[in-house]
Protein chains: 2
Amino acid sequence: MKKVKGSPRGTRRRDVPLTEAGIHAAALRLIDADGVEALTMRKLATALDANPMSPYHHVPNKDALLRGVTRMVGAQFRTVTLEDAPWQERIRLLATDFRTLAHRHPNLMAYSFSQPDIIQPEDPFWAALIATLEASGVSHEEIPQVAALMCAVVIGVLIAELSGALHQWSNLKPTTPAAGEDWSPDVGPEEDRMFRLVLDTIIAGLESRLAAAGDGEDIRRGVSPEAGP
Amino acid sequence: MKKVKGSPRGTRRRDVPLTEAGIHAAALRLIDADGVEALTMRKLATALDANPMSPYHHVPNKDALLRGVTRMVGAQFRTVTLEDAPWQERIRLLATDFRTLAHRHPNLMAYSFSQPDIIQPEDPFWAALIATLEASGVSHEEIPQVAALMCAVVIGVLIAELSGALHQWSNLKPTTPAAGEDWSPDVGPEEDRMFRLVLDTIIAGLESRLAAAGDGEDIRRGVSPEAGP
DNA sequence: ACCTGAACACCGTTCAAGT
DNA sequence: ACCTGAACACCGTTCAAGT
């Protein structure tokens with residue numbers, strides 16, 4: 001009466017009992033293939049060669065599962081530290097590493113970016129970002145805020161890139177294709193160029209504010225004219 | 001046999017036939033109340049005092065419904081033009097207007113920000129942003145990209161704000177509460193300050209690059225040292 | 001302790017039928 | 001033309017039962 005549910009060609013998976021880590025890995029595989037919205041507890045169980053309800057013994061529910069997968073990928077986010085480079089270069093490196101991760105799991109990231117769990121205090125990424133900002137000279141009590149904002153900004157650009165919004169918005173007002181071709185159009189995909197553009201602009205903005213704060217002024221009052229009291 | 005499904009106190013809604021606009025409005029009401037993930041075609045029909053299937057005669061499916069609601073809110077996004085102000089001030093105004101809209105419909109925005117539909121070429125917001133960047137002196141063929149990036153950056157910060165990530169990340173490394181209180185902690189909610197901080201930094205970055213491009217250099221090569229050929 | 005089966009309360013959507 | 005009812009193919013999750 002009992003149907004054998006193994007793979008058709010005799011390659012049987014799961015001679016090993018279910019694990020939280022194994023469930024997370026399988027879920028990530030399904031998400032990479034078909035997107036977060038296509039992930040189903042039942043499909044996940046099938047992929048694990050298990051009963052629909054078996055995963056529930058290792059994961060409380062679907063929300064927790066997604067949070068777990070997000071944390072898992074976020075933790076695997078190792079980054080080269082490159083201690084001796086100038087802070088500008090280190091920020092660029094951190095951001096492009098982050099972007100590489102986003103490109104490796106775009107389906108998951110499009111989802112995870114909307115929740116705080118991607119970034120955890122014990123992530124080496126966060127430590128590296130904090131250290132880099134310390135090296136840059138940002139005032140000590142502002143470092144957490146600046147770090148959080150940098151994450152938000154980079155994530156915003158990545159969300160727009162992964163969803164196609166960046167490409168779409170860029171072409172809302174088509175540029176006149178008249179005679180503008182003297183700036184090397186073969187530098188790479190449009191998105192690469194735009195990503196560098198934001199990074200450079202943000203870094204220039206930080207430099208400008210740090211320079212203004214150099215003579216005793218707080219970084220917060222370097223540019224904005226409405227600093228009150 | 002037929003149950004009367006009107007509101008209990010005699011205030012009967014929908015003596016008027018269903019409309020696409022009416023459906024969008026009702027959906028927005030439900031989303032504002034309980035979030036996008038709680039919106040159901042069936043609940044929507046109930047709220048409209050109609051049969052579960054009736055909305056399908058005016059809206060092809062749930063995805064299209066959400067896209068429609070997003071476009072509707074995005075279109076209602078009118079913005080003061082303020083033509084005579086300096087471009088820095090105009091950008092600040094556009095961004096804070098956008099933020100105000102996000103605060104008015106946070107549940108919808110947390111969803112809509114991940115799809116390109118919030119911003120349409122005919123939105124007055126987009127026209128104002130383009131005009132502002134033209135006034136700023138950004139090179140003509142770069143305006144669409146810079147505009148797209150500004151949207152992505154602002155949306156990224158708003159997503160992080162609405163999801164609580166901004167607050168959470170800022171407090172990952174708690175600042176030493178020793179004697180740092182001489183910078184007016186009553187300036188308003190933390191998020192207001194941080195939003196101004198990104199804006200000021202981005203604007204400073206743009207100013208810096210525009211200044212570097214002033215003597216014939218392209219804006220893209222103002223700061224980044226790796227501009228190749 | 002770990003897994004299973006049946007069941008519950010929902011979904012989105014199709015389709016034939018009503019008015 | 002617009003709305004309805006019943007039905008289909010799914011969901012996530014509970015719970016009592018198996019080993």
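Chain A is the first sequence line, chain B the second, and so forth, proteins listed ahead of strands; every chain is numbered from 1. Being a predicted model, the structure only gives us computed values, none of them experimental.
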Exercise. Within the modelled atom types, does a donor on one side and an acceptor on the other bring the side chain of B:His57 and the base of D:dC3 under 3.5 Å apart?
Worked result: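 Result: at least one qualifying N/O pair found.
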Exercise. For D:dC8, which nucleotide is its Watson-Crick or G-U wobble mate, given both distances must be under 3.5 Å?
Worked result: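 C:dG12 - that is the nucleotide pairing with D:dC8, both distances being under 3.5 Å.
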Exercise. What does C:dC3 pair with, Watson-Crick or G-U, if both distances are under 3.5 Å?
Worked result: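 Here C:dC3 is not engaged in any pair, so there is no nucleotide opposite it.
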For the side chain of [X], starting at C-beta, report the closest nucleotide among [options].
X: B:Tyr56; options: C:dC11, D:dG12, C:dG12; answer: C:dG12
X: A:Ser54; options: C:dT4, D:dG12, D:dC3; answer: C:dT4
X: B:Met53; options: C:dC11, D:dT14, D:dG5; answer: D:dG5

Tell me the interatomic distance from [X], atom [atom1], to [N], atom [atom2], rounded to whole angstroms.
X: A:Leu18; N: C:dA1; atom1: CG; atom2: P; result: 17 Å
X: B:Leu44; N: C:dT13; atom1: CG; atom2: C1'; result: 14 Å
X: A:Asp49; N: C:dT4; atom1: CG; atom2: C1'; result: 14 Å
X: A:Asn51; N: D:dG18; atom1: CG; atom2: P; result: 15 Å
X: A:His58; N: D:dT13; atom1: NE2; atom2: C1'; result: 17 Å
X: B:Leu39; N: C:dC11; atom1: CG; atom2: P; result: 10 Å
X: A:Leu65; N: D:dT13; atom1: CG; atom2: P; result: 10 Å
X: B:Asn61; N: C:dG12; atom1: CG; atom2: P; result: 11 Å

Exercise. Around A:Glu122, counting heavy atoms of other residues, nucleotides and ligands shown, do more than 12 lie under 6.0 Å from its CD?
Worked result: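 Yes, CD of A:Glu122 has more than 12 neighbouring heavy atoms, counting only those of other groups under 6.0 Å.
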Exercise. Using 30° and 60° as the class limits, which term best fits the ring planes of B:Phe125 and B:Phe98: parallel, tilted or perpendicular?
Worked result: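 Ring orientation of B:Phe125 relative to B:Phe98: parallel.
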Exercise. Where each residue is assigned the nucleotide of DNA chain D containing its nearest heavy atom, which of A:Pro60 and A:Ala38 is assigned the position nearer the 5′ end?
Worked result: A:Ala38
Problem set entry | Non-neighbouring partners of A:His58 that pass side chain to side chain contact (heavy atoms under 4.5 Å, CB included), sequence neighbours left out |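 So A:His58 forms a side chain to side chain contact (heavy atoms under 4.5 Å, CB included) with A:Leu18, A:Ile23.
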Exercise. Taking OP1 and OP2 of C:dC10, is either one under 4.0 Å from a side-chain nitrogen or oxygen of B:Thr40?
Worked result: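 No, because none of the side-chain N or O atoms of B:Thr40 sits under 4.0 Å from OP1 or OP2 of C:dC10.
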Exercise. Touch check for B:Met41, heavy atoms < 4.0 angstrom, all strands: base, sugar-phosphate only, or nothing?
Worked result: sugar-phosphate
For this session: State, to 0.1 Å, how close B:Thr201 and A:Leu206 come at their nearest heavy-atom pair, and which atoms those are.
Result: CG2-N, 3.7 Å
For this session: To the nearest 0.5 angstrom, please state how far the CZ atom of B:Phe195 sits from the CG atom of A:Leu149.
Result: 10.0 Å
